[in-house]
Amino acid sequence: MSALHSDAAQTAELYILTEVTKTLITPLELPDLLKAVMDTIANVLETAEFGVVWLWDPSAGLLCPQVVCGPDFPHLQSLRQLKLREGESVAGKVFRDGKAVVFATPTDVANAMADLRPTNVAIWEQGLDSTIRPYSMIAVPLWAGGQEYGVLMLGTLHSSNYFAANDVSFIRILADLIALAIERHRLEREALTVSEAKQANRLRAEALAVLSHELRTSLGAIKGYSTALLMEETSWPQEKQHEFLLRIDEECESLEAMINGLLDSSLVDAGKFVLEYHPVRLERLAQEVADEAQYLTSTHSFVLDFPAGFPLIDADPLRVKQVLRNLVNNAIKYSPDGGLVSIRGEVRATDIVVSIADQGIGIASEHLISLFEKYFRVKTPSEYQIPGTGLGLPMTRAIVEAHEGKIWAESKLGEGTIFLFSLPLQESSSDEEIENG
Ligand code: ADP
């Protein structure tokens with residue numbers, strides 16, 4: 001007789017269902033949830049001396065154990081290495097046929113497992129301590145929402161306890177509850193992917209809108225100044241002509257920078273990002289970037305602090321300069337009231353760290369994690385309205401990581417931000433120096 005169909009069967013079944021349902025509604029990730037539910041089943045169902053939740057891996061075309069629970073055998077968890085083909089052994093057949101099975105004697109179990117492939121036999125014998133043989137076994141498909149997710153398999157190890165045909169309907173209810181939990185997790189994952197894709201699309205659309213606005217503004221200015229210069233009826237004084245040409249030149253530079261940014265970003269996307277390594281004097285590059293930046297602003301001042309004898313770094317000078325330029329330009333852009341921008345270098349045991357600190361608007365801690373994602377921008381208060389596309393930092397990170405370095409940020413809202421990046425230290429033996437990044 002199976003333990004389930006004793007006198008108090010109905011009360012026992014109700015108790016088991018309540019306990020399993022209580023476990024299934026706990027907010028756990030799927031692997032932990034399945035583990036918790038199998039532990040509950042093992043605790044409350046006398047016949048469940050060991051159990052396996054098999055999940056179908058569609059990409060591999062195999063059934064793999066997601067959870068194995070049972071006696072305290074030293075190698076029990078090695079059963080998780082089992083991989084069943086559709087139709088192989090007990091679980092494989094249940095999955096293929098979509099029908100529950102029950103084997104009430106050790107001989108029936110052994111017959112049902114006779115087609116187990118040799119690799120799986122070795123894993124099975126090791127996991128169950130070789131001397132122990134399952135006494136009885138029940139296996140039911142995990143079905144929900146018209147999809148078969150895998151198989152719930154329970155077994156006994158002693159003659160005092162066995163599953164019988166009349167246990168199938170109850171175990172099927174347990175399997176349905178487990179399958180519903182698996183289905184719920186799948187749907188939640190799909191919903192998350194859809195909402196992430198929507199968010200990425202929204203950010204991309206916003207960035208494109210900003211970019212087209214900026215391209216149009218620059219083009220509009222170029223067109224305006226050149227049309228003015230070409231007007232035959234007006235003769236502009238020499239000084240004015242020079243000023244118009246200067247503006248045209250500046251706008252062309254900013255157009256070029258925007259287009260280069262876009263091209264760079266698509267190079268990273270296409271994985272066609274090649275570095276040209278040379279020995280680089282970082283402190284010199286930093287000085288050049290600070291000098292360039294000083295032309296752009298009268299409200300910011302720049303200070304450089306690199307220890308004497310700062311080592312030569314093996315890196316792509318153009319790309320490292322781009323990193324410094326992006327970070328210094330952001331430091332200016334996101335400190336609209338001006339202030340000090342400090343560029344510091346530090347030598348550590350295996351790398352160097354460069355930091356760029358500003359006294360600007362700062363970044364709230366919850367945004368620090370997303371800063372380097374493509375198109376991410378912190379919504380700045382409307383009084384600042386700082387234009388940008390959210391493409392600079394992802395590019396900066398791609399360059400640093402291509403050099404096998406790291407980049408991160410520290411910040412206090414309203415007080416300022418420090419961006420830090422490291423580059424591996426491989427002091428260059430060459431005397432060649434890069435004069436101009
Ligand atoms: P963009 O400046 O074009 O928006 P970035 O990728 O360079 O793009 O920067 C992404 C976001 O990170 C910015 O929109 C801004 O919100 C934030 N950020 C970057 N640098 C700083 C800084 N120095 N201070 C405050 N916020 C910053």
Side-chain angles (χ1 to χ4, degrees), residues 199-200 202-218 253-269 273 286 289-290 292-293 296-297 299-303 319-344 354-402 406-421:
Q199 162 87 342
R202 193 179 55 72
L203 290 177
R204 194 175 308 127
E206 278 177 18
L208 274 179
V210 172
L211 199 70
S212 13
H213 171 77
E214 289 188 21
L215 288 173
R216 217 176 298 133
T217 311
S218 277
E253 266 182 24
S254 106
L255 267 182
E256 196 184 1
M258 279 186 260
I259 291 166
N260 282 345
L262 272 178
L263 290 178
D264 264 354
S265 173
S266 53
L267 268 189
V268 174
D269 288 347
F273 192 48
V289 169
E292 279 172 28
L296 303 173
T297 170
T299 52
H300 297 83
S301 48
F302 298 86
V303 58
R319 292 301 187 183
V320 173
K321 192 165 184 181
Q322 192 180 349
V323 167
L324 288 164
R325 206 182 266 135
N326 277 351
L327 296 176
V328 169
N329 287 350
N330 273 354
I332 300 173
K333 197 159 91 167
Y334 295 101
S335 38
D337 299 332
L340 189 68
V341 176
S342 326
I343 312 173
R344 294 208 157 80
V354 177
S355 62
I356 289 97
D358 63 53
Q359 299 174 318
I361 59 175
I363 303 166
S365 54
E366 71 264 26
H367 295 312
L368 285 177
I369 191 106
S370 315
L371 279 185
F372 299 95
E373 282 168 22
K374 217 169 158 186
Y375 305 118
F376 176 83
R377 306 202 71 221
V378 178
K379 294 255 173 297
T380 42
S382 55
E383 69 261 27
Y384 290 133
Q385 290 287 5
I386 301 168
T389 56
L391 287 175
L393 286 180
M395 185 64 206
T396 306
R397 176 171 69 176
I399 296 174
V400 171
E401 289 183 350
K406 289 201 171 69
I407 183 162
W408 65 101
E410 296 164 5
S411 188
K412 246 191 172 164
L413 204 55
E415 289 184 19
T417 303
I418 310 180
F419 277 89
L420 304 104
F421 68 89

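We count ligands from 1, going down the list as the structure has it; atoms in each ligand are counted the same way. Note: hydrogens, waters and symmetry copies are ignored here, and every other heavy atom, side chains too, is used.
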Under a 4.0 angstrom heavy-atom cut-off, which atoms of ligand 1 come close to [X]?
{"X": "Gly388", "answer": "1 (P), 3 (O), 4 (O)"}
{"X": "Pro394", "answer": "6 (O)"}
{"X": "Thr417", "answer": "24 (N), 25 (C)"}

Suppose we measure from [atom] to each protein heavy atom; which comes out shortest, and what is that distance?
{"atom": "atom 4 (O) of ligand 1", "result": "Arg377 NE, 2.4 Å"}
{"atom": "atom 11 (C) of ligand 1", "result": "Phe376 O, 3.7 Å"}
{"atom": "atom 2 (O) of ligand 1", "result": "Tyr334 OH, 2.6 Å"}
{"atom": "atom 23 (N) of ligand 1", "result": "Asp358 OD2, 2.8 Å"}
{"atom": "atom 3 (O) of ligand 1", "result": "Thr389 N, 2.8 Å"}
{"atom": "atom 12 (O) of ligand 1", "result": "Leu371 CD2, 3.3 Å"}
{"atom": "atom 7 (O) of ligand 1", "result": "Asn330 ND2, 2.8 Å"}

Any chance the side chains of Gln322 and Arg319 put a donor and an acceptor closer than 3.5 Å?
yes
Looking at [Y], is its backbone amide N or carbonyl O close enough to the side chain of [X] to form a donor-acceptor pair, meaning the two atoms are under 3.5 Å apart?
{"X": "Ser411", "Y": "Gly416", "result": "yes"}
{"X": "Ser265", "Y": "Gly261", "result": "no"}
{"X": "Gln359", "Y": "Leu340", "result": "yes"}
{"X": "His300", "Y": "Ala293", "result": "no"}

Output yes when the distance from some N or O of ligand 1 to some N or O of [X] is under 3.5 Å, and no in every other case.
{"X": "Phe419", "result": "no"}
{"X": "Val378", "result": "yes"}
{"X": "Leu393", "result": "yes"}

Under 6.0 Å from the NZ atom of Lys333, do we count more than 12 heavy atoms belonging to anything else shown?
yes
Measuring from the heavy atoms of [X], does anything fall under 4.0 Å of ligand 1?
{"X": "Ser335", "answer": "no"}
{"X": "Gly390", "answer": "yes"}
{"X": "Lys333", "answer": "yes"}

Heavy-atom pair with the smallest gap, counting every atom of Ile343 and Ile356:
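Heavy atoms of Ile343 and Ile356 come nearest at CG2-CG1, 4.2 Å.
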Asn326 to Gly392 - nearest heavy-atom pair and separation
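Closest heavy-atom pair between Asn326 and Gly392: ND2-O, 3.5 Å.
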Which residues pass the ring pair (Phe, Tyr, Trp, His ring centres under 6.0 Å) test with Phe372, sequence neighbours left out?
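Scan of Phe372 (ring pair (Phe, Tyr, Trp, His ring centres under 6.0 Å), adjacent residues dropped) gives none.
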Any salt bridge (Lys or Arg N to Asp or Glu O under 4.0 Å) involving residues 357-373? Give me the pairs, sequence neighbours left out, ordered by first then second residue.
none
